[in-house]
Novice: 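My questions will all concern the structure given below.
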Amino acid sequence: MLVAERYEYIVQMINEKGSMRVSELSELCGVTEETIRRDLDRLEQAGRLRRSHGGAVSVKPKGDVPEIPYAEREITHAEQKMRIADEAVKRIQPNERILLDASTTAWYMASKLPDIPLTVLTNSIRVATELSGKEKIEVISTGGLLASRSMSFVGPLAERSLESYYVDKMFLSCKGVHLDRGVSESNELQARIKQKMVAIADQVILLADASKFGQQSFTHVMNLEQVSAVVTDEGIAEETLAALSDRSISVTVV
């Protein structure tokens with residue numbers, strides 16, 4: 001990892017967790033604690049974090065929006081998300097390799113998946129736990145830095161683990177879908193892990209309830225041209241459907 005990349009990872013991880021110790025950062029970045037201390041001093045001088053005893057604390061950039069806690073997301077537009085999950089499950093065939101993100105819609109999918117031969121790669125603790133009782137499904141977890149608000153693994157370890165795999169289909173949700181600016185997420189750590197996921201998938205299936213369209217969140221994930229298909233609900237605007245059709249993106253409304 002280049003020095004500049006390490007600086008970005010350190011800031012991202014501290015913003016995600018709120019604070020981190022030198023020893024934790026040293027292990028995650030694969031450098032000595034003395035190197036991390038020098039990094040933290042330089043980053044504090046640049047105004048990107050604040051040093052504390054034994055580590056550093058976040059000085060969150062104004063644009064980086066904290067993730068909504070999982071329990072809150074679980075009940076937001078739940079009916080639409082469950083219908084979307086039902087449709088998404090129909091697109092999975094036995095013996096496929098699929099990737100599920102850490103969205104609540106992916107968790108609903110996991111709960112509805114039949115116990116058939118599948119390989120499921122995920123960065124979600126909730127998804128992995130849900131699938132653990134299904135004997136025919138092989139579950140692979142990315143590991144990495146735990147983002148407690150989303151119950152997901154993120155950061156450099158999670159990103160590197162994805163580089164070992166390819167999948168037939170990826171199912172992901174997001175914070176915003178903008179016709180011109182593409183798919184976006186609330187913070188950089190979540191956006192980076194999803195970018196890595198997109199890169200290893202033959203098909204990218206976007207699961208987004210109607211409230212996500214027309215929204216632009218903080219960090220860009222991908223352009224709409226990278227989306228193979230969209231599953232959404234009946235609240236989506238007709239003009240949005242027409243615009244997606246013009247881009248030759250398959251849309252299923254449930």
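In this chain, numbering begins with 1 at the start of the sequence shown. The shown structure was predicted, so the numbers you read here are calculated from the model rather than taken from an experiment.
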Novice: Taking atom types as modelled, is there a side-chain donor on T35 or T32 under 3.5 Å from an acceptor on the other?
Specialist: yes
Novice: Measure the CG-SG distance between D39 and C29 for me, rounded to the nearest 0.5 Å.
Specialist: 7.5 Å
Novice: Are more than 12 heavy atoms from other residues, nucleotides or ligands located less than 6.0 Å from atom CD of Q203?
Specialist: yes
Novice: Do you see a donor-acceptor pair shorter than 3.5 Å between the side chains of S58 and K17?
Specialist: no
Novice: Check S186 against S217 and note the closest heavy-atom contact, atom names and distance.
Specialist: CA-OG, 3.3 Å
Novice: Can you confirm whether the side chains of Q190 and S152 place a donor and an acceptor under 3.5 Å from each other?
Specialist: yes
Novice: Given 3.5 Å as the limit, does a donor-acceptor pair link the side chain of S26 with the main chain of S23, or not?
Specialist: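 A pair under 3.5 Å: no.
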Novice: If hydrophobic clusters are built from ILVMFWY residues whose side chains come within less than 4.5 Å, do M170 and I249 share one?
Specialist: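 M170 clusters together with I249.
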Novice: Under 4.5 Å between any side-chain heavy atoms of Q226 and V204, yes or no?
Specialist: no
Novice: Taking the side chain as everything from C-beta on, heavy atoms only, tell me whether V59 gets closer than 4.5 Å to N15.
Specialist: no
Novice: Do I84 and D209 pass the side-chain contact (heavy atoms from CB on, under 4.5 Å) test, and can you show the C-alpha distance, the side-chain angles, and the key distance before you say yes or no?
Specialist: CA-CA 8 Å; I84 290 169; D209 64 77; 4.1 Å; yes
Novice: Is it the case that the side chain of T232 and the backbone of A208 share a donor-acceptor pair, with hydrogens and angles ignored and the cut-off at 3.5 Å?
Specialist: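 Yes, the answer is positive, given that a donor and an acceptor are paired below the 3.5 Å cut-off.
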Novice: Using only atom types and a distance under 3.5 Å, with no angle test, would you say the side chain of T122 pairs donor to acceptor with the backbone of L100?
Specialist: yes
Novice: Of all the heavy-atom pairs spanning F153 and S141, show the shortest one and how long it is.
Specialist: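 Distance-wise, the nearest heavy atoms are CE1-OG, 3.6 Å.
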Novice: Where do L118 and L113 land on the side-chain contact (heavy atoms from CB on, under 4.5 Å) test, with the steps shown first?
Specialist: CA-CA 10 Å; L118 284 176; L113 267 175; 4.0 Å; yes
Novice: Taking the side chain as everything from C-beta on, heavy atoms only, tell me whether L40 gets closer than 4.5 Å to L49.
Specialist: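 Yes, side chains in contact.
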Novice: For the pair V177 and Q215, evaluate side-chain contact (heavy atoms from CB on, under 4.5 Å) and give the outcome as yes or no after the intermediate values.
Specialist: CA-CA 6 Å; V177 186; Q215 303 298 315; over 6 Å; no
Novice: Counting C-beta onward and ignoring hydrogens, is there a side-chain heavy-atom pair between L207 and E87 closer than 4.5 Å?
Specialist: no
Novice: Does D168 use its side chain to pair, donor to acceptor, with the backbone of R97 at less than 3.5 Å?
Specialist: yes
Novice: What distance separates C174 SG from M222 CE, expressed to the nearest 0.5 Å?
Specialist: 7.0 Å
Novice: Quick check: do I98 and T119 have side-chain heavy atoms less than 4.5 Å from each other?
Specialist: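 I98 vs T119: side chains apart.
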Novice: Salt bridge or not for R83 and E79, using N-O below 4.0 Å?
Specialist: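 Salt bridge present between R83 and E79.
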Novice: Of all heavy-atom pairs between L224 and H178, which one has the smallest distance, and what is that distance?
Specialist: CD1-O, 3.7 Å
Novice: Quick one: do E8 and R48 make a salt bridge, cutoff under 4.0 Å?
Specialist: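 So E8 pairs with R48 through a salt bridge.
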Novice: More than 12 heavy atoms of other residues, nucleotides or ligands under 6.0 Å from CZ of R38: yes or no?
Specialist: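 Yes - once you tally the heavy atoms of other residues, nucleotides and ligands closer than 6.0 Å, there are more than 12.
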Novice: Is it the case that Y9 and R192 place a side-chain donor and acceptor less than 3.5 Å from each other?
Specialist: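 A pair is found: one side chain offers a donor N or O, the other an acceptor, under 3.5 Å apart.
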Novice: If you round to the nearest 0.5 Å, how far is CG of D41 from CD1 of I36?
Specialist: 11.5 Å
Novice: In Å, rounded to the nearest 0.5 Å, how long is the span from CE of M151 to OG1 of T104?
Specialist: 13.5 Å
Novice: Please report the closest heavy-atom contact between S52 and A56, naming both atoms and the distance.
Specialist: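 Distance-wise, the nearest heavy atoms are OG-N, 3.4 Å.
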Novice: Do NZ/NE/NH1/NH2 and the carboxylate oxygens of R37 and E34 come within less than 4.0 Å?
Specialist: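 Yes, R37 and E34 are salt-bridged.
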Novice: Of all the heavy-atom pairs spanning N123 and A102, show the shortest one and how long it is.
Specialist: OD1-N, 3.5 Å
Novice: Less than 4.0 angstrom from a charged side-chain N to a carboxylate O is my criterion; do K175 and E185 meet it?
Specialist: yes
Novice: From I200 CD1 over to Q195 CD, what is the distance, rounded to the nearest 0.5 angstrom?
Specialist: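 If we round to the nearest 0.5 Å, I200:CD1 and Q195:CD are 13.5 Å apart.
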Novice: Run the side-chain donor-acceptor check on residues 89-96: report pairs under 3.5 Å with partners two or more places apart or on a different chain.
Specialist:
residue : atom : partner : partner atom : Å
R91     : NH2  : T252    : OG1          : 2.6
E96     : OE1  : Q93     : N            : 2.9
E96     : OE1  : K169    : NZ           : 3.2
E96     : OE2  : K169    : NZ           : 3.0

Novice: For the residue pair L162 and L121, establish whether any side-chain heavy-atom pair is separated by less than 4.5 Å.
Specialist: yes
Novice: To the closest 0.5 Å, what do you measure between CG (L206) and CG (D101)?
Specialist: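 Answer for the CG-CG pair, L206 versus D101, is 9.5 Å.
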Novice: Sub-3.5 Å donor-acceptor pair from the side chain of D233 to the main-chain atoms of V254, do we have one?
Specialist: no
Novice: Should F218 and S184 count as side-chain neighbours, where that means a heavy-atom distance under 4.5 Å?
Specialist: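 SC-SC contact between F218 and S184 ruled out.
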Novice: Where the side chain of R6 meets the backbone of I10, is there a donor-acceptor pair that is under 3.5 Å apart?
Specialist: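 Looks like no, no N/O pair under 3.5 Å.
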Novice: Quick test of your reading of the model: are D115 and K136 salt-bridged, counting only N-O distances below 4.0 Å?
Specialist: no
Novice: For the pair T129 (side chain) and R126 (backbone), establish whether a donor and an acceptor sit closer than 3.5 Å, ignoring hydrogens and angles.
Specialist: no
Novice: Would you please test V57 and I14 for side-chain contact (heavy atoms from CB on, under 4.5 Å) and show each step?
Specialist: CA-CA 6 Å; V57 297; I14 290 174; 5.5 Å; no
Novice: Listing request: all salt bridge (Lys or Arg N to Asp or Glu O under 4.0 Å) pairs with a residue in residues 217-231, at least two apart in sequence or in separate chains.
Specialist: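 Salt bridge (Lys or Arg N to Asp or Glu O under 4.0 Å) check on residues 217-231 returns E225-R247.
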Novice: Please report the closest heavy-atom contact between S111 and Y108, naming both atoms and the distance.
Specialist: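 Closest pair (atom of S111, atom of Y108, distance): OG-O, 2.7 Å.
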Novice: Are any non-hydrogen side-chain atoms of F213 and L244 less than 4.5 angstrom apart?
Specialist: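 Yes, close enough: below the 4.5 Å cut-off.
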